[in-house]
Amino acid sequence: MEDRQGQIAQVVVTAREMREIEGRIFAAGMPVAALMEKVGGLITARVREVGGSRVGVLVGPGHNGGDALVVARELHCRGYEVWIYSPFSRFKELTGQHLQYAQSLGIPCYQEIEELPHCDFVIDGLFGFGLEKPITDSLAWAINRFNQWEQPILSIDIPSGIHTDTGEVLGAAIRATQTFCLGLWKLAFFQDQALEYIGKAELIDFDIPGVDVQAVLGTLPAIKRMTRTQALSTLPLPRSPVTHKYQAGHLLLICGSRRYAGGAILTALGGRASGVGMLSVAVPESLKPLLVSHLPEALIIGCPETQTGAIEYLQLPEKTDLSSFSAIACGPGLTLDATAIVQEVMASDRPLVLDADGLNILAQMGTIPTLQKRQGATVLTPHTGEFVRLFPHLPDPKQDRIQAVQAAAAASGAIVLLKGARTAISHPQGRIWINPNSTPALARGGSGDVLTGLIGGLWAQTGSKGIPVEDIVATGAWWHAQAGILAAQERTELGVDAFTLTEYLMKVISEWVT
Ligand SMILES: NC(=O)C1=CN([C@@H]2O[C@H](COP(=O)(O)OP(=O)(O)OC[C@H]3O[C@@H](n4cnc5c(N)ncnc54)[C@H](O)[C@@H]3O)[C@@H](O)[C@H]2O)[C@H](O)CC1
Ligand SMILES: [K+]
């Protein structure tokens with residue numbers, strides 16, 4: 001049972017894949033009406049927990065409308081006052097039958113929004129994954145009116161008007177308070193542009209057989225949703241009782257400038273929180289005392305500086321070269337004057353995380369040709385602005401973040417982590433992890449620096465264990481977000497400065513592990 005729920009929680013599908021999976025279930029003999037009845041019953045049970053007794057139900061022409069009508073009927077039979085709004089004259093057969101029966105029970109059905117009496121909440125069953133074209137004219141007008149209402153709106157499957165794959169608004173879309181995603185997570189739930197419409201997201205599992213999911217998605221689905229179980233299986237815990245510090249990885253961070261000293265501290269604190277065995281931090285010479293005072297356990301390497309206070313070149317301790325490190329993370333706070341060191345680390349074969357100015361310098365060097373020459377594995381961690389600078393010729397991530405990150409990884413051969421409300425991580429061959437939960441509290445200067453250090457530290461510890469790099473990166477993104485969520489719970493969304501975040505990294509993990 002645990003197993004099935006764990007697997008279902010990771011699955012993410014497109015509308016086409018959902019239709020194929022659904023097709024297999026029907027072909028195997030499950031009557032369409034029976035499935036609709038089952039799904040409607042499950043939604044009703046959840047709706048009844050919401051409270052209120054006066055309900056407006058928005059009914060579309062397809063099976064999303066059919067689901068809504070089953071809920072309307074069930075609520076009516078349980079004593080709710082129910083009104084239907086449906087401005088359509090033609091319905092799919094099953095939906096039409098449900099509408100006829102609902103009306104025979106005395107549930108009123110209106111075509112005009114003004115006719116709907118005041119309700120405690122609204123159920124949105126206008127369109128699900130069958131939405132084909134933009135919503136226009138009077139229906140778009142009505143949706144915009146519903147959005148101005150104060151009452152909660154509960155959407156069935158997906159807010160009507162949202163594209164199931166890209167998450168874009170097709171003409172007009174319902175802004176739901178809560179959305180009950182049916183059966184399997186749809187891609188739109190992880191596209192930043194849809195999040196304000198989806199509200200609180202909940203999966204209603206209706207027992208889709210695992211074999212049907214596998215038959216359509218394969219044994220290694222391309223797009224997966226990150227889960228706690230997955231993150232815990234990747235973390236370097238428990239440690240071997242006989243390990244020594246060099247077996248727990250050696251991370252080199254290259255970060256900071258006179259102008260951006262704090263970025264170096266935050267990156268290093270992120271690296272430290274990963275539990276990495278040995279931490280070395282290369283900074284401009286003048287920052288060394290500051291870093292030593294914050295991280296007494298780290299080896300702080302002071303490097304010659306440019307006139308502007310950037311690292312001029314790497315000056316590693318005697319008998320050390322880049323091959324001494326199990327992973328390198330480079331970029332936060334460097335400024336654009338540190339081009340030479342980015343070139344130097346690119347030429348090494350070490351696992352490399354590039355972030356912030358490291359990415360901006362890479363963009364100036366020419367992202368794709370430079371990465372094609374690299375011997376080692378590279379992780380890029382851009383936000384949308386950096387992404388566009390790195391990959392100016394690829395589709396804009398604002399339209400479809402998942403497709404954009406997949407294209408970037410394929411074109412560059414790097415593992416690309418695209419930051420956002422729903423951070424997505426793609427392997428060059430198209431495997432994607434999506435981090436499903438985060439908090440706007442993390443939209444704050446310095447929080448990305450912490451992530452860079454954390455991912456670097458995890459990679460340094462686990463890279464030699466045969467764990468796929470994208471799994472390590474996704475675990476870092478998950479851990480970072482969970483720390484932000486816990487910190488925001490305890491301190492509000494205003495209380496999660498990047499320094500505080502580094503302290504919650506340990507706090508959140510001890511809650512999971514104990
Ligand atoms: N996932 C499952 O296995 C189950 C899904 N259920 C529900 O069914 C819908 C999908 O149903 P479908 O009938 O295919 O599509 P829709 O209800 O989303 O709507 C299609 C309907 O609407 C017309 N249409 C499309 N776009 C527009 C537009 N812009 N303007 C006007 N009309 C439009 C189109 O022609 C069709 O007639 C899924 O989301 C679930 O809610 C099952 O009930 C349970 C199993
Ligand atoms: K809907």
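We count ligands from 1, going down the list as the structure has it; atoms in each ligand are counted the same way.
- Look at F127 and the K ion (ligand 2): an N/O/S atom of the residue is under 3.4 Å from the metal.
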Side-chain atoms of residues 24-31: list all donor-acceptor pairs with protein atoms under 3.5 Å, sequence neighbours left out, distances to 0.1 Å.
{"from": "R24", "atom 1": "NE", "to": "D212", "atom 2": "OD1", "distance (Å)": "2.8"}
{"from": "R24", "atom 1": "NH2", "to": "D212", "atom 2": "OD1", "distance (Å)": "3.4"}

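- The salt bridge (Lys or Arg N to Asp or Glu O under 4.0 Å) search around K507 returns E490, not counting sequence neighbours.
- When distances to the K ion (ligand 2) are checked against a cut-off of 3.4 Å, N64 contributes an N, O or S atom below that limit.
- Partner of K419 under the side-chain hydrogen bond (donor to acceptor under 3.5 Å, both in side chains) criterion, out of T384, N435, D355: D355 alone.
- Between the R225 side chain and the A9 main chain, a donor and an acceptor come within less than 3.5 Å of each other.
- Among the atoms of I156, an N, O or S atom falls under 3.4 Å from the K ion (ligand 2).
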Which N/O atoms of ligand 1 sit under 3.5 Å from a protein N/O, and at what distances?
{"from": "ligand 1", "atom 1": "3 (O)", "to": "E22", "atom 2": "OE2", "distance (Å)": "3.2"}
{"from": "ligand 1", "atom 1": "13 (O)", "to": "H63", "atom 2": "N", "distance (Å)": "2.8"}
{"from": "ligand 1", "atom 1": "13 (O)", "to": "K92", "atom 2": "NZ", "distance (Å)": "2.7"}
{"from": "ligand 1", "atom 1": "14 (O)", "to": "R19", "atom 2": "NH1", "distance (Å)": "3.1"}
{"from": "ligand 1", "atom 1": "14 (O)", "to": "R19", "atom 2": "NH2", "distance (Å)": "3.0"}
{"from": "ligand 1", "atom 1": "14 (O)", "to": "K92", "atom 2": "NZ", "distance (Å)": "3.4"}
{"from": "ligand 1", "atom 1": "17 (O)", "to": "H63", "atom 2": "N", "distance (Å)": "3.2"}
{"from": "ligand 1", "atom 1": "17 (O)", "to": "N64", "atom 2": "N", "distance (Å)": "2.9"}
{"from": "ligand 1", "atom 1": "18 (O)", "to": "G128", "atom 2": "N", "distance (Å)": "2.6"}
{"from": "ligand 1", "atom 1": "18 (O)", "to": "G130", "atom 2": "N", "distance (Å)": "2.9"}
{"from": "ligand 1", "atom 1": "26 (N)", "to": "E132", "atom 2": "N", "distance (Å)": "3.0"}
{"from": "ligand 1", "atom 1": "29 (N)", "to": "K133", "atom 2": "O", "distance (Å)": "2.7"}
{"from": "ligand 1", "atom 1": "29 (N)", "to": "P134", "atom 2": "O", "distance (Å)": "3.4"}
{"from": "ligand 1", "atom 1": "35 (O)", "to": "E132", "atom 2": "OE1", "distance (Å)": "3.4"}
{"from": "ligand 1", "atom 1": "39 (O)", "to": "F129", "atom 2": "N", "distance (Å)": "3.1"}
{"from": "ligand 1", "atom 1": "39 (O)", "to": "D157", "atom 2": "OD2", "distance (Å)": "2.6"}
{"from": "ligand 1", "atom 1": "41 (O)", "to": "N64", "atom 2": "ND2", "distance (Å)": "2.8"}
{"from": "ligand 1", "atom 1": "41 (O)", "to": "D67", "atom 2": "OD2", "distance (Å)": "2.7"}
{"from": "ligand 1", "atom 1": "43 (O)", "to": "D67", "atom 2": "OD1", "distance (Å)": "2.3"}
{"from": "ligand 1", "atom 1": "43 (O)", "to": "D67", "atom 2": "OD2", "distance (Å)": "3.2"}

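- The side-chain hydrogen bond (donor to acceptor under 3.5 Å, both in side chains) pairs that include a residue from residues 92-107 number zero, where partners must be two or more places apart or lie in different chains.
- In this structure, O of I158 and O of D124 enclose an angle of 130° at the K ion (ligand 2), rounded to 10°.
- In this structure, a donor-acceptor pair under 3.5 Å is present between the side chains of D497 and T500.
- Counting only N and O atoms by type, the side chains of D124 and S160 include a donor and acceptor under 3.5 Å apart.
- Of the N and O atoms on the side chains of Q399 and E168, not one donor lies less than 3.5 Å from an acceptor on the other residue.
- Under 3.4 Å from the K ion (ligand 2) lies no N/O/S atom of S155, from backbone or side chain alike.
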